[in-house]
Amino acid sequence: MNAFAEIPVPGCPSGLAPASRDAELGNLDVFVRRQGKLSRLELSVRGAKCGACLARIENAAKALPGVTEARLNLSTGRMGVAWTGPLSANDVARAISGLGYGVSPFSADDTETDRAREEKSLLQALGVAGFAAANIMLLSVAVWGGAGEMGEATRRTLHAVSGLIAFPAIIYAGRPFFLSAWRVLKSGHANMDVPISLAVALAFLTSVWETATGGAHAYFDACVMLLFFLLIGRFLDARLRRRAYAAAHGLAA
């Protein structure tokens, strides 16, 4: 059962009132396990990529009144929260989603499906980036090889063709970084995808300016190659996480 999708951040930057956000969340109290005065909730957290993300999420949960335990497994995305008192499960979920991370009640089947879908999406983005990078590099080699002999019109044409190849590739292959950066920036935070997105965007815009003004250098190849190598790491990370989760789930079973 997927009780809710990714939720807007607190402070209502999206214009949703708290009551509207609660409607999207559903009643998460049905997923709470009671042990005397202690309440426990297991959540699936999406978007945490590093130790800084883990610390930020756990500290946000621990800052809530009555929370005695908040632990996130970065490999599986499974988070356990325990608290005493009148705190509701929706309050816990909103505190985490307010940082820009996706949250839903933990479900082994849903988690495995989400991880397989993420891995497939990253592989497709990697293929697009690799194909575009190979073609842009061929054009760049022509520019480098003709340095000092190639006319400005020819060089500008090759740069323009490179830009036409790079633009859709960057939009498609860069989505994992751009969407992650946008979510955390909306909540007033930052993660490692923010500088990546800025670097790609600024390099592309600089290259467009150089092409338009007849400059000698353009960096479309660098934009796409950066995404290509980063996506290799992101894909391998996603695959290792999925295998680690499957191994841990099998061991627990």
Side-chain angles (χ1 to χ4, degrees), residues 6 9 13-14 46-50 52-53 100-102 114-147 150 152-242:
E6 293 185 6
V9 299
S14 62
R46 300 178 298 279
K49 303 297 183 184
C50 60
C53 296
Y101 300 95
D114 290 341
R115 289 186 178 278
R117 187 183 299 114
E118 178 190 12
E119 188 176 319
K120 180 180 178 180
S121 176
L122 288 171
L123 183 60
Q124 291 172 341
L126 177 61
V128 170
F131 178 79
N135 284 275
I136 294 174
M137 285 301 296
L138 288 175
L139 297 172
S140 298
V141 168
V143 175
W144 301 334
M150 181 178 294
E152 179 182 337
T154 303
R155 184 178 64 246
R156 182 182 294 190
T157 300
L158 292 177
H159 283 167
V161 174
S162 297
L164 290 175
I165 298 173
F167 180 69
I170 289 172
I171 295 298
Y172 185 85
R175 287 182 306 167
F177 308 100
F178 300 151
L179 293 176
S180 173
W182 174 247
R183 282 196 297 266
V184 297
L185 286 175
K186 284 197 304 181
S187 63
H189 300 277
N191 61 10
M192 62 182 181
D193 291 331
V194 174
I196 291 173
S197 300
L198 286 174
V200 172
L202 290 175
F204 180 80
L205 293 175
T206 301
S207 300
V208 170
W209 174 259
E210 286 289 302
T211 302
T213 58
H217 303 287
Y219 312 100
F220 297 115
D221 52 344
C223 299
V224 183
M225 288 295 289
L226 175 61
L227 289 176
F228 176 69
F229 287 117
L230 289 172
L231 284 167
I232 291 176
R234 189 63 61 91
F235 170 73
L236 293 176
D237 177 67
R239 170 162 288 189
L240 290 173
R241 286 171 184 262
R242 185 168 67 85

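All values below were derived from every heavy atom in this structure, side-chain atoms included, with hydrogens, water molecules and symmetry-related copies excluded.
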Closest non-hydrogen atom pair between [X] and [Y], with its separation:
X: Thr213; Y: Arg156; answer: C-NH2, 3.7 Å
X: Ser207; Y: Ala218; answer: OG-C, 3.7 Å
X: Ala133; Y: Met225; answer: CB-SD, 3.4 Å
X: Ser197; Y: Ala181; answer: OG-CB, 3.6 Å

Reported [atom1]-to-[atom2] distance for the pair [X] and [Y], which is rounded to 0.5 angstrom:
X: Phe204; Y: Thr206; atom1: CZ; atom2: OG1; answer: 10.5 Å
X: Ile165; Y: Met137; atom1: CD1; atom2: CE; answer: 12.5 Å
X: His159; Y: Leu164; atom1: NE2; atom2: CG; answer: 13.0 Å
X: Leu226; Y: Leu231; atom1: CG; atom2: CG; answer: 9.0 Å
X: Phe220; Y: Glu210; atom1: CZ; atom2: CD; answer: 9.5 Å
X: Ile170; Y: Leu227; atom1: CD1; atom2: CG; answer: 6.5 Å

Check: With no hydrogens and no angle check, is any side-chain donor or acceptor of Ser180 less than 3.5 Å from a backbone partner on Pro176?
Finding: no
Notebook entry, point to check: Has Arg175 got its NZ or CZ under 6.0 Å from the middle of the six-membered ring of Phe177, at an angle within 45 degrees of the ring axis?
Noted result: no
Side chains of [X] and [Y], heavy atoms from C-beta outward: is any pair under 4.5 Å?
X: Arg183; Y: Leu179; answer: yes
X: Leu122; Y: Asp237; answer: no
X: Arg46; Y: Tyr101; answer: no

Note to self: More than 12 heavy atoms of other residues, nucleotides or ligands under 6.0 Å from CZ of Phe178: yes or no?
What the structure shows: yes
Check: With a cut-off of 6.0 Å (strictly less than), are more than 12 heavy atoms of other residues, nucleotides or ligands near OH of Tyr172?
Finding: yes
Margin query: Applying side chain to side chain contact (heavy atoms under 4.5 Å, CB included), can you list everything that pairs with Ala222, at least two apart in sequence or on another chain?
Written below: Tyr219
Next item on the list: Quick one: list whatever passes salt bridge (charged side-chain N to carboxylate O under 4.0 Å, His left out) with Arg234, sequence neighbours left out.
Entry: Asp193
Next item on the list: State, without any angle test, whether Asp221 and Ser162 hold a side-chain donor-acceptor pair at a distance under 3.5 Å.
Entry: no
